[in-house]
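Structure record follows, encoded as structure tokens.
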Amino acid sequence: MTRSGLGIAANVAVSQAQGRSVTSVTEPKLAFPQPLHTLRTYYPGLLMGALRWFSLVFFLWLACGSAQAERRVALVIGNSAYKSVPRLSNPANDATLVGGMLKKAGFDAVDVRLDLSVVEMRKALREFGSRTREAEVAVIYYAGHGIELDGNNYLIPTDAVLETDTDVYDEAFQLDRVLVTVEPAKQLRLVILDACRDNPFAKTMKRTIASRAIGRGLAKVEPASPNTMVAYAAKAGSTASDGDSKNSPFAAALVERLPTPGLDLRKAFGFVRDDVLKSTGYKQEPYVYGSLGGDDVPLVAAKPVAVGPQPNPQDSVRRDYELALQLGSREVWNAFLAQYPDGFYASLAKGQLSRIGAEEERAAAANKARQAEEEKARLAAERANQAEQEKAAAAAKAAEEKRLAAEKAKQLEEARAAAAEQRRKDAEAAAAKAIADKQAAEKALAEKLVSDKAAAELAAKQAAEKQASGNAEQKIAAVSPSSTVPAMSSQETTKLVQSELRRVGCLTASADGDWKASSQRSLALFNKYAGTKFDDKLASFDALDAIKAKPGRVCPLVCDRGSRADGDTCVKIACRVGYRVNDDNECEKVQDKKPAVTRDDKAKKDEQRTAREPTSSRPQASGQIFCNSSGCKPVPQGCRLESGGDSSKNRGTGGALICN
């Protein structure tokens, strides 16, 4: 825009801001009829509003342009009512469900066709081919019967009979015809086939040539056009399941995963594969053929994310605060607090009111001091008495002290107000810096996520390419197991079952091919913890398949006394010195035991103690007791008791004590 144009736009915006109607616009003589700083001074929101308006118009133009630039079309076919074979229950329901999903995903044209004959199917493909010439994305979904003949895939209409194998060329549509229909699309060509069911035509079809091969399911395909993907409900050579519900597991997973905004198709079909494997007990594995470029190709574009600084809810409060600060009256600050009673700016407004109150008190004190001085002068002039002069002088002094105190209080409040204003400025600067740091961190995080995503995709692609060749045969065997039991001896079968029981942790003995009591107990343990009911008296192929289906340990790990479980192994419990393992498999302290004393040891110790004791010089008692008026005492050794007689010796009750 030129300077003259900017001046015109500014005049129009100013007129609208002042409430005047604008009927015509004339270009002014000068480039800027009003200086830019004048606009900023008198109309601070004008330029910012104009910028927001132009940004909105530009964003809408980009959105409309991208919506018009990308056209997406889809054809959905569901064949259930076959005339020559039993009716299929799910294809019509699946087609209706997928068609509704594509309509909700914002496709410009979604054509849902049910139970098409060969003529109707040819017409539908022809009409859809004309629509794909102007489309960027073209999708075809087919649910019904399909057949593989000599390595080529065919979609079967509802009126097909297929009495012989050569009737396929006339009554069915080759998959290459469907790929040609979506080929004119400019960005993405997607064909989804839920047609890998068991084919009932193959049982009654007559072979014109005995060597002609009629495969199981569909054969794998390699699209010749770039940016083309062909998704099978089941991997080539295997069949898909209709499930027990209204819709097939494959259709339910498609409707759940494909419309995720911004999700790449390759990753979306990977999630579909995981969901179908889980819902079918790992019996059906969807597969995708073809390739896309390095960029993400979502079926539904990601929602646009608003970029730019977010509005600060405190901006309006800050502008009102700055306006009140310019006016600075008590009425203005009271009105501000009535509008914003709480918050940071409310505290600043209260500080301004305190400053105004201090100023009013200082003015009142100064007025009183002036009146006191006038009264003092009047009294002095009138030669009042000394008492009145002293009283006036005291009043003047008190007034002066009060004035000084008020002046000091004013200075203090002004200092507080200045400090609060500085805190406000610091807070605003910190908020602006936090917003800038947040935007920089979000940008760095987005760049890191993009780089990590690219590195993860590259590593996953290299790992998948490395393991693809080695695991191809194993995956095919896992998806399409042989329907016949391999021929082997009972000892070999027993050895295989024992090996699998050891793997799931139910058997501790070696796999020797002998189905003895330990093996029977291990199969009984497997039945207990896996919820199965196999006969534990013999090793059967059904039990072998059930055990192989378990990915990890089934039976709990049981360790002997003195050992503990560590993962899938038992390790010996090691106790420190002075501790031992008790019956609860815990370390406990060893108690010191005193040696038992025998009767011989006790007698020997008594003899040793008697030999160590010295011989006493005191007379030993004889075991008799002598009693008199002073009391009783034992008869000493060498003395005796005699009854009767009158002696001058000691005489006791019942006899006399005679000592040599």
Side-chain angles (χ1 to χ4, degrees), residues 274 277-278 281-282 463 467 470-471 474 478 488-616:
D274 296 341
L277 281 173
K278 291 179 181 178
Y282 293 88
Q467 295 180 0
N471 297 337
Q474 184 178 355
M488 60 177 65
S489 64
S490 60
Q491 185 177 6
E492 293 175 345
T493 304
T494 301
K495 193 169 184 179
L496 288 176
V497 174
Q498 288 175 337
S499 298
E500 289 300 318
L501 287 173
R502 283 177 57 84
R503 182 181 63 82
V504 297
C506 296
L507 179 63
T508 57
S510 60
D512 54 359
D514 184 12
W515 191 255
K516 47 191 176 182
S518 60
S519 302
Q520 295 175 9
R521 287 195 300 272
S522 65
L523 184 55
L525 285 175
F526 178 84
N527 288 333
K528 176 181 178 181
Y529 292 104
T532 57
K533 296 181 179 180
F534 298 111
D535 186 8
D536 57 358
K537 301 300 181 181
L538 54 87
S540 62
F541 283 102
D542 293 338
L544 178 61
D545 293 337
I547 301 172
K548 283 184 176 180
K550 301 301 179 180
R553 172 177 288 276
V554 174
C555 299
L557 181 62
V558 179
C559 298
D560 297 333
R561 180 178 178 275
S563 301
R564 59 180 177 83
D566 186 7
D568 289 337
T569 59
C570 292
V571 295
K572 184 177 180 181
I573 299 176
C575 297
R576 58 181 179 176
V577 179
Y579 287 79
R580 66 177 181 181
V581 179
N582 59 12
D583 295 336
D584 295 331
N585 262 13
E586 297 178 352
C587 292
E588 67 176 5
K589 190 174 182 181
V590 178
Q591 301 294 333
D592 294 331
K593 295 183 178 180
K594 296 182 179 180
V597 180
T598 62
R599 181 175 299 177
D600 296 337
D601 294 337
K602 184 176 181 181
K604 186 176 181 180
K605 289 183 179 180
D606 291 341
E607 292 176 359
Q608 293 176 355
R609 185 170 57 254
T610 304
R612 288 196 301 266
E613 290 179 355
T615 303
S616 177

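Fair warning: this is a prediction, and the values are worked out from it, not measured in the lab. Numbers here are sequence positions counted from 1. FYI, side chains are in, hydrogens and waters are out, and symmetry mates aren't considered; it's all heavy atoms of this structure.
Here the shortest heavy-atom pairing between T494 and W515 reads CG2-CE3, 3.6 Å. For V504 against G552, the heavy-atom pair with the smallest separation is CG1-O, 3.6 Å. Nearest heavy atoms, F541 versus T493: CZ-OG1, 3.6 Å. Scanning all heavy atoms of the two residues, the minimum distance from C587 to I573 falls at SG-CG2, 4.0 Å.
Residues in residues 531-557 take part in these side chain to side chain donor-acceptor pair (under 3.5 Å) pairs, two or more places apart or across chains: N527-T532, R553-D568. Evaluation of the salt bridge (charged side-chain N to carboxylate O under 4.0 Å, His left out) test over residues 512-530, restricted to residues two or more places apart or in two chains, returns D512-K516.
For the atom pair K589 NZ and C575 SG, the distance stands at 14.0 Å (nearest 0.5 Å). If you take CG on L544 and NZ on K495, they are separated by 14.0 Å, rounding to the nearest 0.5 Å. A distance of 8.0 Å separates CG of L523 from CZ of F534, quoted to the nearest 0.5 Å.
Residues S563 and V571 have side chains not in contact (no heavy-atom distance under 4.5 Å, counting atoms from C-beta outward).
The closest donor-acceptor contact from the side chain of R502 to the backbone of A509 lies under 3.5 Å.
Checked against side-chain contact (heavy atoms from CB on, under 4.5 Å), S522 has the following partners two or more places apart in sequence or in another chain: L501, C506, L507, S519. Under the side-chain contact (heavy atoms from CB on, under 4.5 Å) criterion, Q491 pairs with S489, not counting sequence neighbours. The side chain to side chain donor-acceptor pair (under 3.5 Å) test applied to Y579 returns R576, not counting sequence neighbours. Residues meeting the salt bridge (Lys or Arg N to Asp or Glu O under 4.0 Å) test with R580, sequence neighbours left out: E588.
A salt bridge between R503 and E500 is present, with a side-chain N of the basic residue lying under 4.0 Å from a carboxylate O of the acidic one.
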